[in-house]
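This structure is a prediction, so every number in the text was calculated from the model and none was measured. Proteins come first, then strands; the chains are lettered A, B, ... in the order of their sequence lines, and each starts at number 1.
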Amino acid sequence: MMELEMDKLVSLCKRRGFIFPSSEVYGGINGFWDYGPMGVELKRNIKDAWWRDNVQMRDDMVGLDCSIIMNPKVWEASGHVGGFSDPMVDCRATKERYRADQMYVFAYLFPATNAKGEPTEAWLAGLGGSPGEAAEAVEKRAAKLAKKFGKPADPPVVTPYLEVAADDRIKVIGPSTDEAGTLTEPRSFNLMFKTYVGALESESNVAYLRPETAQGIFANFKNVVDTARVKLPFGIAQVGKSFRNEINPRNFTFRSREFEQMEIEFFCRPEEAKDWYKYWRDARFAWYTGLGLKSEKLRLRDHDAEELAFYSTATADIEYSFPFGVSELEGIAHRGDYDLTQHMKFSGKDLSYFDEEKKERFTPHVIEPSAGADRATLAFLCEAYTEDEVGGEIRTVLKFHPRIAPVKAAVFPLVKRDGMPEKAEAIYRELKRSYNVAYDEKGAVGRRYRRQDEAGTPFCITIDSQTNADDTVTFRDRDSCRQWRVPAAGAVQALRDLLDGKPVPSAE
RNA sequence: GCGGGCGUAAUUCAGUGGUAGAAUGCCAGCUUCCCAAGCUGGACGUCAGGGGUUCGAAUCCCCUCGCCCGCUCCA
């Protein structure tokens, strides 16, 4: 198995117009990427395949396209504001980082006096969910100090670190150091991109760019039920950009601050949720394999109990083994009725569902298959990248599934004379009505084939001297380099059949 | 966020204080009846950006930005 080097792929993506660093002429900007002429076709094909397979082809799915900026209360309900912006404290000495709300300070007063005759103070910080938990390690450290400075007369005064006065913080000794004053003030880390709605900046018009598309679906649950004549079980699908500020961009486009999601919220009766979870978990895995992510690099991993979010009873990740490690492409989560319940609580609106047949009112449960469009695109690129050796030379091929290939076919006149260009261009024009195809008459045909291989074009159609005699053209298969003849008049249908999965004819 | 490495053409890279280079790719033409062939010609560089040292900086120093690696973080 050839080991893909990420550098080679990144370089190919740049060279062939798949992916560029964002605003590169200004030196780029960390965590943002642009899709070039090839990349935009690839990513669109992936999103279109997702939409077609999950919305168009199904009777129980509808689509939605929500605004990126929503009422900020949405994010209070979802827990993105408040719950996940814990203030953190860094230790300058040990470079460790602690959650400020889980740090308690134990102020001891030892009998030994200093030069001014004052007792010796030691403000020891400990970590834990409660003062009791934090005390354990601290007491051991205090016992050591007691040998030196004598036993303290009183038990220590315990203060949560967040409530320690700013002036007193320099007295605090961090959990893994003996030195005071190494801890920074508590700083909050912003999960979300903050902005202001309207020309004036003030606390009253703060808004956020959405960190996920899911909440727009929940917020529109009632609108869809009231207007789209849907009945449980049904799902709402959305493709769109999301933004996260807290992440550390890494690994090419894999982890970006601006990214695109393909999300489904599938609503069902509570007692059916478990079965639907299993259904989606398998269906989503099969979707990737059906588009060519066939190798052992694709994995389905169930979360164990500790890994589960508190509201979820089951979650699975679809992972891909990238050159930089195994990472998540999609998560399928059984979210129970958590989201709708939260939005009912925060909005005061009834988002329950009335089952007309069973005359029952209840809050639907939700299965959420949430996929990353950019991550899927990167996985398909990694999977497709192949280096074949032909006569001692490296042939670089992107072996995309025809459905996602940016260019479906290229049409060439074998040489630039004898009416071949005219004939080739006529076929090209005809194909172009249905497919994204390329035309090239420049230079040696071998070079033209290789150029298309590198862009992942699955088929090449070549017009040669025999075309004049019997009006047939050659089809050439990207992966095998095999060629066969097809009547020129049937070229469009022949390409359609191949793109629909008809196998390449075996060798003549 | 921390630490380390790096940044020269579209790509891969050479260039350690004295005229900005190579290969590949790209473009034009010739040739060419099938897989990066050959010949001729051509375009392409704010040497990441800014500041400093110097008669002179791609080269030395400082700052910023970006990329890579390892930590940290990643509901």
Side-chain angles (χ1 to χ4, degrees), chain A residues 5-8 10-17 20-33 36 75 78-86 88-99 184 187 189-192 211-212 214-215 244-252 254-257 307-312 315 323-325 327-328 331 333 335 338 370 388 390-397 412-418 420 442-454 460-469 473-478 480-483 485:
Chain A
E5 291 156 48
M6 208 56 202
D7 290 353
K8 283 188 175 177
V10 173
S11 150
L12 176 70
C13 283
K14 173 79 192 293
R15 195 157 38 83
R16 294 309 309 263
F20 307 129
S22 169
S23 40
E24 197 186 6
V25 287
Y26 289 101
I29 176 166
N30 192 7
F32 300 89
W33 300 88
W75 308 114
S78 72
H80 288 87
V81 170
F84 306 131
S85 56
D86 304 312
M88 306 292 281
V89 174
D90 289 321
C91 176
R92 295 189 192 91
T94 62
K95 305 293 178 200
E96 284 184 63
R97 175 173 292 169
Y98 311 104
R99 267 179 63 175
T184 63
R187 292 178 289 191
F189 288 76
N190 289 328
L191 166 71
M192 288 196 283
E212 60 175 29
Q215 298 305 325
R244 295 185 193 188
N245 217 353
E246 100 286 15
I247 56 102
N248 195 343
R250 267 301 152 88
N251 296 330
F252 199 26
F254 184 84
R255 187 168 290 171
S256 303
R257 292 204 160 103
E307 203 178 347
L308 289 175
F310 66 89
Y311 46 77
S312 177
T315 299
F324 46 79
S327 297
E328 178 189 349
R335 298 178 65 92
Y338 175 74
S370 169
D388 288 347
V390 181
E393 297 241 312
I394 298 291
R395 183 175 82 111
T396 305
V397 194
F412 308 144
L414 186 61
V415 289
K416 208 164 61 173
R417 55 175 156 77
D418 302 338
M420 290 180 205
K442 306 278 175 62
V445 75
R447 184 187 302 269
R448 285 179 271 163
Y449 285 141
R450 294 297 175 90
R451 203 181 278 140
Q452 294 301 327
D453 291 341
E454 208 178 45
C460 290
I461 299 169
T462 304
I463 283 70
D464 56 17
S465 59
Q466 197 182 324
T467 308
N468 285 331
V473 297
T474 64
F475 270 55
R476 179 253 195 193
D477 172 53
R478 175 195 66 203
S480 63
C481 294
R482 192 171 290 151
Q483 286 185 288
R485 297 202 77 88

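Donor-acceptor pairing under 3.5 Å, judged by distance alone, is present between the side chain of A:R255 and the base of B:C74. Residue-to-nucleotide contacts include a donor-acceptor pair under 3.5 Å from the side chain of A:D464 to the base of B:C34. Judged by distance alone, with hydrogens and angles left aside, A:R250 brings a side-chain donor or acceptor within reach of the base of B:G70, the pair sitting under 3.5 Å.
Of the side-chain N and O atoms in A:R15, none sit less than 4.0 angstrom from OP1 or OP2 of B:U11. Taking side-chain N and O atoms only, A:R451 has a distance below 4.0 Å to OP1 or OP2 of B:C26. Regarding contacts with the backbone of B:A10, every side-chain N or O of A:K14 stays at 4.0 angstrom or more from both OP1 and OP2. Taking side-chain N and O atoms only, A:R476 has no distance below 4.0 Å to OP1 or OP2 of B:C35. For the pair A:K416 and B:U32, the criterion of a side-chain N or O lying under 4.0 Å from OP1 or OP2 is not met. Taking only side-chain nitrogens and oxygens, A:R482 never comes nearer than 4.0 Å to OP1 or OP2 of B:C35. Within the 4.0 Å cut-off from OP1 or OP2 of B:U11, not a single side-chain nitrogen or oxygen of A:R16 is found.
One atom, CG of A:N248, and another, C1' of B:G3, lie 13 Å apart when rounded to the nearest Å. Rounded to whole Å, atom P of B:C34 lies 18 Å from atom CG of A:D453. Here B:U31 presents its P atom at 8 Å from CZ of A:R417, a figure rounded to the nearest Å. Here B:G25 presents its P atom at 11 Å from CZ of A:R450, a figure rounded to the nearest Å. Following rounding to the nearest Å, A:R478 (CZ) and B:C34 (C1') show an atom-to-atom distance of 19 Å. If you take CZ of A:R447 and C1' of B:G38, they are 10 Å apart, rounded to a whole angstrom. Distance A:F412 CZ to B:U32 C1': 15 Å, rounded to the nearest Å. Between the C1' atom of B:G5 and the CG atom of A:D7 lies a distance of 13 Å, rounded to the nearest Å.
Pair check for B:C26 finds B:G42; Watson-Crick or G-U wobble, both atom distances under 3.5 Å. Under the Watson-Crick or G-U wobble criterion, with both distances below 3.5 Å, B:G70 is paired with B:C2. The nucleotide B:U53 finds no pairing partner, because no Watson-Crick or G-U wobble arrangement with both distances shorter than 3.5 Å includes it.
Rounded to the nearest 0.5 Å, atoms CD1 (A:I394) and CG (A:D388) are 8.5 Å apart. Put simply, NE2 on A:H80 and CD on A:E212 are 4.0 Å apart, with the number rounded to the nearest 0.5 Å.
If you check every strand for non-hydrogen atoms under 4.0 Å, A:S465 touches a base. Looking at heavy-atom distances under 4.0 Å, A:L12 makes no contact with the nucleic acid at all. Nucleic acid contact for A:E454: base, since at least one base atom lies under 4.0 Å from a heavy atom of the residue. Using a 4.0 Å heavy-atom cutoff across all strands shown, A:D388 reaches no nucleic acid atom at all. Note on A:E212: a base of the nucleic acid sits closer than 4.0 angstrom, heavy atoms only.
B:G15 and B:C6 have their P atoms separated by 13 Å, given to the nearest Å. Rounded to the nearest Å, the gap between the P atom of B:G17 and that of B:C60 is 8 Å. When the P atom is compared between B:G49 and B:U11, the two are found 15 Å apart, to the nearest whole Å. With C1' as the reference atom, B:G50 and B:G66 are 15 Å apart, rounded to whole Å. Here, B:A37 and B:U24 have their C1' atoms 15 Å apart, quoted to the whole Å. For the C1' atoms, the distance linking B:A48 with B:C55 amounts to 27 Å, nearest Å. The gap from the C1' atom of B:A10 to that of B:G3 amounts to 33 Å, rounded to the nearest Å.
The aromatic rings of A:Y311 and A:Y338 lie parallel to each other, with less than 30° between the two planes, well short of the 60° mark.
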Study note, to complete from the structure: Readout for nucleotides 40-45 of chain B: B = base within 4.0 Å of protein heavy atom, S = sugar-phosphate only, - = neither; 5' to 3' it is ------

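Both A:R335 and A:N468 sit near RNA chain B, but only A:N468 has its closest nucleotide nearer the 5' end.
A donor-acceptor distance shorter than 3.5 angstrom exists from the side chain of A:W33 to the backbone of A:F252, with no hydrogens or angles considered.
Counting only heavy atoms from C-beta outward, the side chains of A:E24 and A:K14 approach each other to under 4.5 Å. Proximity of A:E454 to A:L12: side-chain heavy atoms (C-beta onward) are separated by under 4.5 Å at one or more points. Two residues are said to be in side-chain contact when any heavy atoms from C-beta on lie closer than 4.5 Å; A:T474 and A:D464 meet this criterion.
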Output one line per pair: protein atom, nucleotide atom from nucleotides 62-67 of chain B, and distance, for all N/O pairs under 3.5 Å.
| unit_1 | atom_1 | unit_2 | atom_2 | d |
| --- | --- | --- | --- | --- |
| B:G66 | OP1 | A:N30 | N | 3.3 |
| B:G66 | O4' | A:G27 | O | 3.3 |
| B:C67 | OP1 | A:N30 | OD1 | 3.1 |
| B:C67 | OP2 | A:N30 | OD1 | 2.6 |
| B:C67 | OP2 | A:N30 | ND2 | 3.3 |

**Study point:** Intermediate values then yes/no, side-chain contact (heavy atoms from CB on, under 4.5 Å), A:R478 and A:Q452
**Key:** CA-CA 8 Å; A:R478 175 195 66 203; A:Q452 294 301 327; over 6 Å; no

Exercise for review: In sequence, state the C-alpha distance, the side-chain angles, and the governing distance for A:S465 and A:M420, and then conclude on side-chain contact (heavy atoms from CB on, under 4.5 Å).
Suggested key: CA-CA 8 Å; A:S465 59; A:M420 290 180 205; 4.2 Å; yes

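Listed by chain and number, the residues in a ring-ring contact (aromatic ring centres under 6.0 Å, His included) with A:F324 are A:F254, A:F322 (sequence neighbours excluded).
Among all heavy-atom pairs drawn from A:R476 and A:D453, the shortest one is NH1-OD1, 2.7 Å.
Remark: the A:S480 side chain and the A:D477 side chain contain an N/O donor-acceptor pair separated by less than 3.5 Å.
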